[in-house]
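So the structure is just underneath, and the comments pick up after that.
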Amino acid sequence: MGIRLFNSYSRQLESFEPIQTGSNQVKMYTCGPTVYNYAHIGNFRAYIFEDLLQRHLEARGFQVERVMNLTDVDDKTIRDSRRSGRRLADFTQVYKDAFFTDIDTLRIKRASHYPAATEDRYIARMISMIEQLESQGMAYQAEDGSVYFRLSTFPEYGRLAHLNLEELRPSGRVSSDEYEKENVGDFALWKAWDANDGDVWWNSPWGKGRPGWHIECSAMATALLGPELDIHCGGVDNIFPHHEAEIAQSECCTGRKFVRYWLHCAHLMVEGQKMSKSLGNFYTLRDLLEKGFTGREIRFALITVNYRLPCNFTLGGIESARAALSRIDEWTQRLEAHAHACPPQPTPLSSHVDAFFDALDDDLNVSGAMGHLFDLIRESNRALDGETLSAGQAAHIIEGWRRINQVLVFDRDASVIPAEVEALVQERQRAREAKNWPESDQIRNRLAELGWNVKDSKDGQKLTPR
Ligand code: AMP
Ligand code: ZN
């Protein structure tokens, strides 16, 4: 049946076909973090949904080239770097580094490119795009020195958000600082320097200034992926005005349809409100790690809620994730112990593996997919209890699990060693000290059954997950 995705642009489920017909190449752009603080786990909900999408596309044979931008110049980065008394680049570097550590902790696959807005080549591209828009009459410099996009020249504006452009136009004069603009909806492409910007500015045909946030994404996306993207993602708060603006700028510059599929995840909520920095109701990943949760537990909690449903964040939710993961761990250990490295032999139980991927084909229905995984776990555990599962069949199920785990990435943490395993290692240590080699080997086999390899070195035993 193929993959179907809900396109925010059409508000319909659509069959996924890459723009290049017959090709398996997918170009995907994902709006990245504004690096003025540690990302909160609401942001990571968006990045984990994008990770699930990429990994599922890859599981289905597509090759995904993904770009995630780093917004390292905007009002907030400038404001907070000045407050901290550091240069913008030094200030944002701290949060860029933290971001990469965090995505590794959450096992999010690295994108192919992480362009930063302040890189010379992108600033140059933003300026040339704005020049082009101006020469086409689609941008103008206002009295305040800033350059704005002239919305009246792009009637499609509002289609993604399903807004009526007329409703965006105020009838009378609105008392707003921004009233040098021709129209309230006109958004800034280039912001003229003012004293609050300090030493953050670039030269441009319109004088000293800096780019607007929206043009950053248009420039970086088209520079790296070309004029047409297969998929563009973000959280729902990005739809308006950010993604509308990206469409307007990009399409007016390239003359091509910018994006084929727009995908947006719903918010991570806390007590009925969006988790956000401005509301102060957020947890960073670090906050949760300090509470003793692991990256994979947080990944589980964030990835297993369907991306278009709001996800209510609770600490209890991560505790349930912990319980579910130990169930998976026990199951894989049991299967491994039973399979004894036998060659795989088909079993009807493996149909649950196909069902897992079929559910993901259906607009990433991950809760349906997890239902099939837990059916597989329950039924194969029952077959193990009843001694009706052969070693080869167990090996077949393990193969299926490995495929599933390419998408979920729920491997056991090497750093978290179960108490039972720890006790066996100590027992083995005593056996070795007593030179009881047969017992030492027996314990090694038992550890292997539990999914751990043990190596002896002069510093003692070294344990690694199998
Ligand atoms: P920002 O750093 O605010 O530009 O956000 C980076 C990404 O995180 C964007 O794709 C946002 O849509 C997304 N995002 C922000 N807050 C949340 C939230 N509470 N739940 C889900 N996604 C979010
Ligand atoms: Zn963006």
Side-chain angles (χ1 to χ4, degrees), residues 30-44 46-47 67-105 111 113-127 129-130 144-148 177-178 187-204 206-221 223 234-235 237-238 241-242 245-246 274-287 289-290:
T30 47
C31 287
T34 306
V35 280
Y36 71 112
N37 207 325
Y38 298 107
H40 60 66
I41 58 156
N43 301 127
F44 287 118
Y47 308 145
V67 174
M68 176 172 273
N69 68 295
L70 303 171
T71 299
D72 60 354
V73 57
D74 79 328
D75 297 346
K76 291 178 284 193
T77 43
I78 295 177
R79 179 195 66 201
D80 290 0
S81 72
R82 282 176 58 88
R83 274 188 198 156
S84 76
R86 271 176 295 168
R87 287 183 52 243
L88 181 67
D90 298 335
F91 174 78
T92 56
Q93 192 59 47
V94 175
Y95 300 109
K96 286 181 189 173
D97 293 344
F99 171 71
F100 287 111
T101 308
D102 288 355
I103 57 173
D104 288 348
T105 303
H113 316 271
Y114 287 100
T118 56
E119 287 173 48
D120 290 346
R121 62 178 285 213
Y122 300 120
I123 294 280
R125 187 174 176 87
M126 293 169 212
I127 292 177
M129 285 176 85
I130 301 169
D144 63 352
S146 295
V147 182
Y148 294 93
D177 290 345
E178 301 190 283
F187 56 85
L189 296 162
W190 186 260
K191 297 191 175 189
W193 181 87
D194 74 29
N196 290 329
D197 293 342
D199 63 357
V200 180
W201 53 269
W202 287 265
N203 275 321
S204 81
W206 314 280
K208 266 165 70 164
R210 61 183 167 98
W213 172 42
H214 312 311
I215 194 76
E216 295 181 8
C217 279
S218 286
M220 292 186 269
D237 57 330
N238 282 160
H242 184 53
E246 278 190 44
K274 174 191 169 191
M275 179 176 283
S276 74
K277 281 172 198 145
S278 51
L279 291 172
N281 60 352
F282 65 92
Y283 282 104
T284 64
L285 182 59
R286 281 129 212 273
D287 297 333
L289 297 177
E290 265 170 35

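Basis for what follows: all heavy atoms, side chains included, without hydrogens, waters or symmetry-related copies. Not measured: the values here are computed from a predicted model.
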Under the rule for salt bridge (Lys or Arg N to Asp or Glu O under 4.0 Å), what residues qualify as partners of [X], not counting sequence neighbours?
| X | value |
| --- | --- |
| Asp97 | none |
| Arg121 | none |
| Asp287 | none |
| Asp199 | none |

Taking it one step at a time, do Arg286 and Asp102 satisfy salt bridge (charged side-chain N to carboxylate O under 4.0 Å, His left out)? CA-CA 8 Å; Arg286 281 129 212 273; Asp102 288 355; 2.9 Å; yes

Who pairs with [X] by ring pair (Phe, Tyr, Trp, His ring centres under 6.0 Å), at least two apart in sequence or on another chain?
| X | answer |
| --- | --- |
| Phe187 | Phe149, His214 |
| Phe99 | Tyr47 |
| Trp202 | none |

Please confirm whether the backbone N or O of [Y] pairs with a side-chain atom of [X], one donor and one acceptor, at under 3.5 Å?
| X | Y | result |
| --- | --- | --- |
| Thr118 | Asp72 | no |
| Thr30 | Val67 | yes |
| Ser218 | Glu246 | yes |

Can you list every ring pair (Phe, Tyr, Trp, His ring centres under 6.0 Å) pair that touches residues 71-97, not counting sequence neighbours?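 Applying ring pair (Phe, Tyr, Trp, His ring centres under 6.0 Å) to every pair that reaches into residues 71-97, excluding sequence neighbours, yields Tyr38-Tyr95, Phe91-Tyr95.
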
Enter the distance from Cys217:SG to Met126:CE here, rounded to the nearest 0.5 Å.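 If we round to the nearest 0.5 Å, Cys217:SG and Met126:CE are 8.5 Å apart.
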
Measure the spacing between CD of Glu216 and CZ of Arg125 and express it to the nearest 0.5 Å.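 The CZ atom of Arg125 is 14.0 Å from CD of Glu216, to the nearest 0.5 Å.
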
Residues forming a side-chain contact (heavy atoms from CB on, under 4.5 Å) with [X], sequence neighbours excluded:
| X | result |
| --- | --- |
| Arg82 | Ile78 |
| Lys208 | Trp193, Trp201, Asn203 |
| Asp237 | His267, Lys274 |
| Lys277 | Tyr36, Asn37, His40, Asn43, Phe282 |

Before giving the answer on side chain to side chain contact (heavy atoms under 4.5 Å, CB included), spell out for Arg210 and Asp75 the whole-Å C-alpha distance, their side-chain angles and the decisive distance to 0.1 Å. CA-CA 10 Å; Arg210 61 183 167 98; Asp75 297 346; 2.8 Å; yes

